[in-house]
Colleague: 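Structure in structure tokens, see below.
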Amino acid sequence: MLDLRMIRQNPETVREGLAKKGEDAGYLDELLTLDERRRSILTDVEKLKATRNQVSSEIARLKREKQDAQSLLKEMGVVSRQIKDFDEELRTVEREIQDQLLRIPNLPHESAPVGTSEDDNVEIRRWGEAPKFDFEPLPHWELGVNLDIVDFERAGKVTGSRFYFLKGAGARLERALINFMLDLHTGEHGYREIFPPFMANQASATGTGQLPKFGEDMFKLEGLDYYLVPTAEVPVTNLYRDEILGMEDLPIYHVAYSACFRSEAGSAGRDTRGMVRVHQFNKVELVKFVLPETSYDELEKLTNNAETVLQKLGLPYRVSEICTADLGFTAAKKYDPEVWMPSYGRYVEISSCSNFEDFQARRANIRFRRDKGSKPEFVHTLNGSGLAIGRTLAAIMENFQQEDGSILVPEVLRPYMGGVERVTPGL
RNA sequence: GGAGAGGUGACAGAGCGGCCGAAUGUGGCGGUCUCGAAAACCGUUGGGCGCGCAAGCGUCCCGUGGGUUCAAAUCCCACCCUCUCCGCCA
């Protein structure tokens, strides 16, 4: 959420920022009109309330002294009705303002490359070499089925499309990846592990920006105020909703494993095969709460933390700096580490590292206090996948496949696999 | 799911419909005392919004949202959460 006072003071800056995101900011005029209306009502009604408070204590005094207060009572009846009318209008106006504010995207950071579509994202670095195969490599959905470690067909029967079972060594690899990543981020990168609820309520989903605009992307439980989390970002960021943190608390680094549930509304027909785009996947997520002045350094570090996972696994990747048009609703700045996926013949997003500045903090009301006695300020929040497990597994299968259809297990995972070096049929 | 109790400031804990943004205690901060510390004593100690260059003024906030009233932490309604007992259960 943007600061209404900031919008009021710099409407042009806001307009320009939104334009860079490809957002038609025509609604700003209406918003500013509502804002003026609100402040005008506020002035009037508060004046009336001041009168009411004053006269009410006068009435109290008269009653105490057993004197007649009839005329004042009558007078206040009128004032009271006026207040009620104003308050009602005020409520309506404020609801409308809030509604609009919650639908305005974050402004891009000045360093984000300006662009009009994802084609304008900028590759800023590349690591590792795409493997050269002297045989015909298979896509992971064929490799997995051949080895009997992934089962899409039965998942279709048991649940539906865009789900899969992992079996045997496939299931174990998934678990190994989760543990490896959690151990790496807690052990070497200084994150504290969180195991969050996999459902969150409406206030939380609003805090991180999924609601009100993107409710269609989430699964909602029927008759309950619960959403299946689309990412651990939701529960973990909302850990500190409506709290004021102390300087000694910051920065906070959390790493959380969660299953992620996405309806993938509107993506029918895309990536229909394989494990790349599914309704449920596992992810290890990094979340940071930091001082505003440090958040861009923190973003670089966060991105590096995600890249370290890929490097340790030996997976070739590149990092894209996301352009203004592709930043999405909440981010001011974003880097996407993308893994090489042989079956796609291109790099595929496997993480997404964002600085939201105070956009989420303002929605979720997460603040900190610099010194005793100073005003609370909003923290900056960041997050990034570290990494998406399902896509990592797919990338491992494809990049490390052997001519005989087996898959080499990256060395760092072997301790988590009971020493297994290669996935072969029957494991 | 059934029965009951309760949600007040950083915490603990009072609070007759008007004198309550709220007693008191603890903690925090500043000070006195002390070589220093402890103790004791004194003072101080929330957030949002609006107006204002500022000092400041006003207003709202006692789980949340409505309502009654000239006036609500205090009365009414709905919802949420916590605790105890019973039932069920991984």
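Per chain, numbering begins at 1; letters A, B, ... match sequence-line order. In this text the structure is predicted, and so the values were computed from the model without any measurement.
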Colleague: Does A/R81 make a side-chain N or O approach to OP1 or OP2 of B/C70 shorter than 4.0 Å?
Modeller: no

Colleague: Can you tell me if A/K84 touches the phosphate of B/U68, counting only side-chain N or O atoms and a distance under 4.0 Å to OP1 or OP2?
Modeller: yes

Colleague: When the distance from CG of A/D87 to P of B/A71 is rounded to whole Å, what number comes out?
Modeller: 11 Å

Colleague: Please determine whether a side-chain nitrogen or oxygen atom of A/S80 lies at a distance below 4.0 Å from atom OP1 or OP2 of B/A71.
Modeller: yes

Colleague: Tell me the interatomic distance from A/R5, atom CZ, to B/G50, atom C1', rounded to whole angstroms.
Modeller: 10 Å

Colleague: To the nearest Å, give me how far apart CD (A/E377) and P (B/G46) are.
Modeller: 18 Å

Colleague: Could you tell me whether A/L42 contacts a base, only the sugar-phosphate backbone, or nothing, with contacts defined as non-hydrogen atoms closer than 4.0 Å?
Modeller: sugar-phosphate

Colleague: Among B/G58, B/G50, B/G47, which is the nearest nucleotide to the side chain of A/I244?
Modeller: B/G47

Colleague: Closer than 4.0 Å, any side-chain N/O of A/K49 to the OP1 or OP2 of B/A71?
Modeller: no

Colleague: Which class fits the ring pair A/Y191 and A/Y253: parallel under 30°, tilted 30 to 60°, perpendicular over 60°?
Modeller: tilted

Colleague: Just compare B/C70, B/U59, B/G47 and give me whichever is closest to any side-chain atom of A/L73.
Modeller: B/C70

Colleague: Take atom CZ in A/R370; do more than 12 heavy atoms of anything else shown fall under 6.0 Å from it?
Modeller: yes

Colleague: Starting from the 5' end of RNA chain B, give me the residue, A/G77 or A/D35, whose nearest nucleotide shows up first.
Modeller: A/D35

Colleague: Does a side chain donor of either A/E285 or A/S258 reach within less than 3.5 Å of an acceptor in the other side chain?
Modeller: no

Colleague: Among residues 52-59 of chain A, which ones have heavy-atom contacts with RNA chain B below 4.0 Å?
Modeller: A/R52, A/N53, A/S56, A/I59

Colleague: With a non-hydrogen cut-off below 4.0 angstrom, is A/R8 in contact with a base, only sugar-phosphate, or nothing?
Modeller: sugar-phosphate

Colleague: Tell me the ring-ring contact (aromatic ring centres under 6.0 Å, His included) pairs involving residues 38-60 of chain A, sequence neighbours left out?
Modeller: none

Colleague: Under 4.0 Å from OP1 or OP2 of B/C51: is there any side-chain N or O of A/R39 that close?
Modeller: yes

Colleague: Within this structure, what is the OH-to-P distance between A/Y240 and B/A10, rounded to whole angstrom?
Modeller: 18 Å

Colleague: For a quick test of reading the model: is some side-chain N or O of A/R91 closer than 4.0 Å to OP1 or OP2 of B/G66?
Modeller: yes

Colleague: For A/K47 and B/C60, give me the distance from atom NZ to atom C1', rounded to whole Å.
Modeller: 18 Å

Colleague: May I ask you to evaluate whether A/R38 reaches the phosphate of B/G50, defined as a side-chain N or O under 4.0 Å from OP1 or OP2?
Modeller: yes

Colleague: Is the ring pair A/H279/A/F219 parallel, tilted or perpendicular, if the boundaries are 30 and 60 degrees?
Modeller: perpendicular

Colleague: What contact category does A/K74 fall into here, base, sugar-phosphate, or nothing, at under 4.0 angstrom with non-hydrogen atoms?
Modeller: nothing

Colleague: Find the partner of B/C83: check Watson-Crick (N1-N3 plus N6-O4 or O6-N4) and G-U wobble (N1-O2, O6-N3) distances, both under 3.5 Å, and reply none if neither fits.
Modeller: B/G4

Colleague: Which base, if any, makes a Watson-Crick or G-U wobble pair with B/C20, both distances under 3.5 Å?
Modeller: none

Colleague: Pairing check on B/C57: which nucleotide meets the Watson-Crick or G-U wobble criteria with it, both distances under 3.5 Å?
Modeller: B/G50

Colleague: Strictly distance-based, threshold 3.5 Å: is any side-chain N or O of A/S352 a donor or acceptor partner for the main-chain N or O of A/D336?
Modeller: no

Colleague: Quickly, which of A/Y296, A/F356, A/Y335 forms a ring pair (Phe, Tyr, Trp, His ring centres under 6.0 Å) with A/H109? Name it, please.
Modeller: A/Y296

Colleague: Any strand counts, and the cut-off is 3.5 Å on both contacts for Watson-Crick or G-U wobble. Which nucleotide pairs with B/U34?
Modeller: none

Colleague: Taking any strand in view, what nucleotide pairs with B/U68 in a Watson-Crick or G-U wobble way, both distances under 3.5 Å?
Modeller: none

Colleague: Find which nucleotide of RNA chain B each of A/A60 and A/R369 is nearest to by heavy atoms, and output the residue with the more 5' nucleotide.
Modeller: A/A60

Colleague: Taking pairing as Watson-Crick or G-U wobble with both contacts under 3.5 Å, can you name the mate of B/G43, or confirm there isn't one?
Modeller: B/C29

Colleague: Under a 3.5 Å threshold, yes or no: a donor from one side chain and an acceptor from the other, between A/N53 and A/S56?
Modeller: no

